Amino acid sequence: MTAAQLKEYFSVKMYGDTMPYVSHSDGEYPVYVAIGASTTSGAVHHKNGTVTRSPNNYPDYIGNVLNLETHNLGVGTTGFLKRNGADNNFCDQILNNGTILAKAKLV
């Protein structure tokens, strides 16, 4: 999806007639929190089984395009409830990041 498409479709649905990518007079930007597994955190899984890291993960891309304050809480191998060898799961991410999530306009 292009930046123009994000601005035209996604932001209109999120904010109605106001566009979040314009400058904000108060200097603050709406908070966007992404919660997910490896692809959210920026992992790229290749057909040959290798995994590399992308400097352009999708939460940061969306946040940059729409001028959102972005918090990427993606953790690789994160399970919904069960801890599959990871340090935490989605529920832990929610419980441990209540302050950030309370400010979020988009999760």
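Here the structure is a predicted model, which means the values were calculated and not measured.
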- [ ] Go through the steps to decide whether H46 and T52 satisfy the test side-chain contact (heavy atoms from CB on, under 4.5 Å), and finish with yes or no.
- [x] CA-CA 8 Å; H46 300 275; T52 58; 2.9 Å; yes
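Taking CG from D92 and CG from N97, the interatomic distance works out to 10.0 Å, rounded to the nearest 0.5 Å. Between L106 atom CG and E69 atom CD the span is 12.5 Å, to the nearest 0.5 Å. Atom OG of residue S41 and atom OH of residue Y58 lie 9.5 Å apart, to the nearest 0.5 angstrom. If you take CD1 on I35 and CG on L101, they are separated by 5.0 Å, rounding to the nearest 0.5 Å.
Considering all non-hydrogen atoms of both residues, T70 and P59 come closest at CG2-O, 3.6 Å. Among all heavy-atom pairs drawn from V31 and K103, the shortest one is CB-O, 3.5 Å.
The side-chain contact (heavy atoms from CB on, under 4.5 Å) search around T39 returns H45, not counting sequence neighbours. Qualifying side-chain contact (heavy atoms from CB on, under 4.5 Å) partners for L95, counting only residues two or more places apart in sequence or in other chains: none. Here T99 pairs with nothing under the side chain to side chain donor-acceptor pair (under 3.5 Å) rule; sequence neighbours left out. For N72, the side chain to side chain donor-acceptor pair (under 3.5 Å) test picks out N57, with sequence neighbours left out.
For the pair L73 and V33, the minimum side-chain heavy-atom distance is below 4.5 Å. Side chains of L68 and Y29 form no contact here, defined as non-hydrogen atoms less than 4.5 Å apart.
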